[in-house]
Amino acid sequence: MDFQYSEKVELLRDQVQHFMDQHIIPRNRQYQAVSSGPLRNDPEALAFVQDLRMLAKEQGLWNLFMPGLRDDEPGMGLSNSEFAPLMEIMGRIPWSLQIFNCNAPNTGNMELLHAAANEEQRQKFLLPLLEGEATSCFSMTEPDVASSDATNIQTSIKRDGDEYVINGRKWFSSNILHPDCAFCIVLGKTDPQASRHRQQSMIVVPIDTPGVEIVRDIPVFHGMHTGGHGEVVYNNVRVPASNLLGEEGDGFAIAQARLGPGRIHYGMRCIGMAELALELMVARCQERKAFGKYLHEHGMTAEQIARSRMEIDQARFLVLHTAKVMDDVGTKAARKEIAMIKIVASELVCNVADRAIQIHGAMGMSPDTPLAELYTLARVMRIGDGPNEVHLNAIAKMEVRESNPLDALRYYTGPE
Ligand SMILES: Cc1cc2nc3c(=O)[nH]c(=O)nc-3n(C[C@H](O)[C@H](O)[C@H](O)COP(=O)(O)OP(=O)(O)OC[C@H]3O[C@@H](n4cnc5c(N)ncnc54)[C@H](O)[C@@H]3O)c2cc1C
């Protein structure tokens, strides 16, 4: 396998890095202050973000995550392998993803709509997201049931004439408080009597529909940020029947397909997050002395640096390999690799950011470095898009299914 980036990718890397240097890094302090403060969802305070988005779009640095775009859909249609090194650059500054229209939950929603929307739904819901005129939210997780098992979801979606009526309570619906959030994609049950994986359906709910009641914005590790994580009650919410994605009963399959590409995006950005954490760790070690020595001259710290470098490089190879498998044989066939990279990458950043925080001492816990934000994000990634344990189970099942015990047992050396 060739890990050399193509000329096209090298050029794009330069362009993305240049955009970051020119337009994003200089606004980083401003964004952090707005995003964590009381004006975090204020359209005026966020106007500079939309301006930057439109600038990136003008420069063609737009929808880079999305393969298979149609002619009337803006973007380059890069493959997963081409996108991976670009996402690594963006990963260093989490809010930069939205500037290039490559941020969750919109990416997953765009992929989902690309795969499941009919022409009318494409015009109404997908194109505004692809154009950057709107953002969206994905509303699956519920406080009352273990939502890592999507078959547990309780929200009801009932047909009534030309409409569906939705009732239920969701939480951690990320981005629902963003001023440009136009709609939520809601997972619920249309037929609780159907077979286990055919009970669920997915429906688009415009945010201004009567009965959509946002109860609270849930802080993560006591911090708030733009878009938030909403607890939301759907109280007799009526939407046109034409908002249903696919057929009744397709919801579980659509949800599974949605989460695949998102996991490789996590993997790619985690490499950039971990690289930044390591760079900061090394920089701090070179300027700080304790007990008469620079920190990197203490053996225990040196080991932390070395381990971090080895773990990052291992993870990068697995990301690139996974992206290639997805490009060559498709998301479904790359299930095992996608599950592996989701775990490896989220654990990688937790480990490296944790070490970097430790080496920064008290400063590592403050908002003066990006480390606390990187750690928080990585910690979320071990739970979001399916907790790591669920993926570990899936990998083990595939490994057992694919194994050939008779072949392995030939190597036994004990008595017959
Ligand atoms: C910051 C953040 C943002 C989020 N954004 C969204 C969003 O936009 N939309 C959305 O719908 N959801 C979102 N989520 C929710 C996330 O997807 C769920 O939290 C996740 O799927 C787990 O569901 P749960 O919280 O109900 O945990 P549960 O299902 O209750 O699981 C709890 C724990 O049980 C263990 N466990 C579960 N299954 C197994 C198993 N098979 N084997 C071993 N152990 C197991 C794991 O340790 C797991 O963490 C977000 C979460 C966070 C923290």
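We count ligands from 1, going down the list as the structure has it; atoms in each ligand are counted the same way.
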Ligand-side contact atoms (ligand 1) for residue partner Ser174, heavy atom cut-off under 4.0 Å: 3 (C), 4 (C), 5 (N), 6 (C), 7 (C), 8 (O)
Test item: side-chain donor near acceptor, Thr301 and His296, under 3.5 Å: no
Ligand 1 to Ser139 polar contact by distance, N or O atoms, under 3.5 Å: no
Ligand 1 contact on Val145 by region, counting heavy-atom pairs under 4.0 Å: backbone
Heavy atom of the protein closest to atom 33 (C) of ligand 1 (residue, atom name, distance): Pro387 CG, 4.9 Å
Residue and atom name of the nearest protein heavy atom (relative to atom 39 (C) of ligand 1), distance in Å to one decimal: Val390 CG2, 3.9 Å
Atom 1 (C) of ligand 1: nearest protein contact (heavy atom, Å): Val380 CG1, 3.5 Å
Heavy-atom protein contact below 4.0 Å for atom 35 (C) of ligand 1: no
Region of Ile383 engaging ligand 1 - heavy atom pairs below 4.0 Å: both
Heavy atom of the protein closest to atom 7 (C) of ligand 1 (residue, atom name, distance): Phe172 O, 2.8 Å
Heteroatom distance test (Phe138, ligand 1): nitrogen or oxygen, under 3.5 angstrom: yes
Proximal ligand 1 atoms for Val220, defined as those under 4.0 Å from one of its heavy atoms: 1 (C)
Stepwise side-chain contact (heavy atoms from CB on, under 4.5 Å) test for Arg40 and Asp217: CA-CA 12 Å; Arg40 62 186 175 276; Asp217 184 3; 3.5 Å; yes
Numbered atoms and elements of ligand 1 in range of Asp385, under 4.0 angstrom, heavy atoms: 17 (O)
N/O separation below 3.5 Å, Trp171 to ligand 1: no
Structural part of Pro105 in contact with ligand 1, heavy atom criterion under 4.0 angstrom: neither
Member of Glu248, Gln193, Lys189 meeting the side-chain contact (heavy atoms from CB on, under 4.5 Å) criterion with Gln199: Lys189
His229, portion touching ligand 1 at heavy-atom distance under 4.0 Å: side chain
Heavy-atom nearest neighbour of atom 45 (C) of ligand 1 within options Glu389, Arg382, Lys170, Met381: Glu389
Of Arg355, Glu303, Glu275, the residue whose pairing with Ser308 passes side-chain contact (heavy atoms from CB on, under 4.5 Å): Arg355
Ser173 side chain to Ser139 side chain, donor-acceptor N/O pair below 3.5 angstrom: yes
Closest contact, heavy atoms only, Asn101 versus Leu130: ND2-O, 3.7 Å
Nearest neighbour in protein (non-hydrogen) for atom 37 (C) of ligand 1: Ser148 OG, 3.5 Å
side-chain contact (heavy atoms from CB on, under 4.5 Å) partners for Ser346, two or more places apart: Met381, Arg382, Asn388
Atom CD of Gln358 with >12 non-hydrogen neighbours under 6.0 angstrom: no
Thr141, any N or O under 3.5 Å of ligand 1 N or O: yes
Side chains of Ser136 and Asn109, donor plus acceptor under 3.5 Å: yes
Report, one line per pair, each donor and acceptor closer than 3.5 Å where one atom sits in a side chain of residues 12-21; sequence neighbours left out.
from  : atom 1 : to    : atom 2 : distance (Å)
Arg13 : NH1    : Glu10 : OE1    : 3.2
Gln17 : NE2    : Asp21 : OD1    : 3.1

N or O contact, Ser147 vs ligand 1, cut-off under 3.5 Å: yes
Identity and distance of the protein heavy atom lying nearest atom 40 (C) of ligand 1: Asn393 ND2, 3.4 Å
Under 3.5 Å: donor-acceptor pair, side chain of Gln121, backbone of Asn118: yes
Minimal non-hydrogen separation, Val186 against Thr155, with atom names: CG1-CG2, 4.4 Å
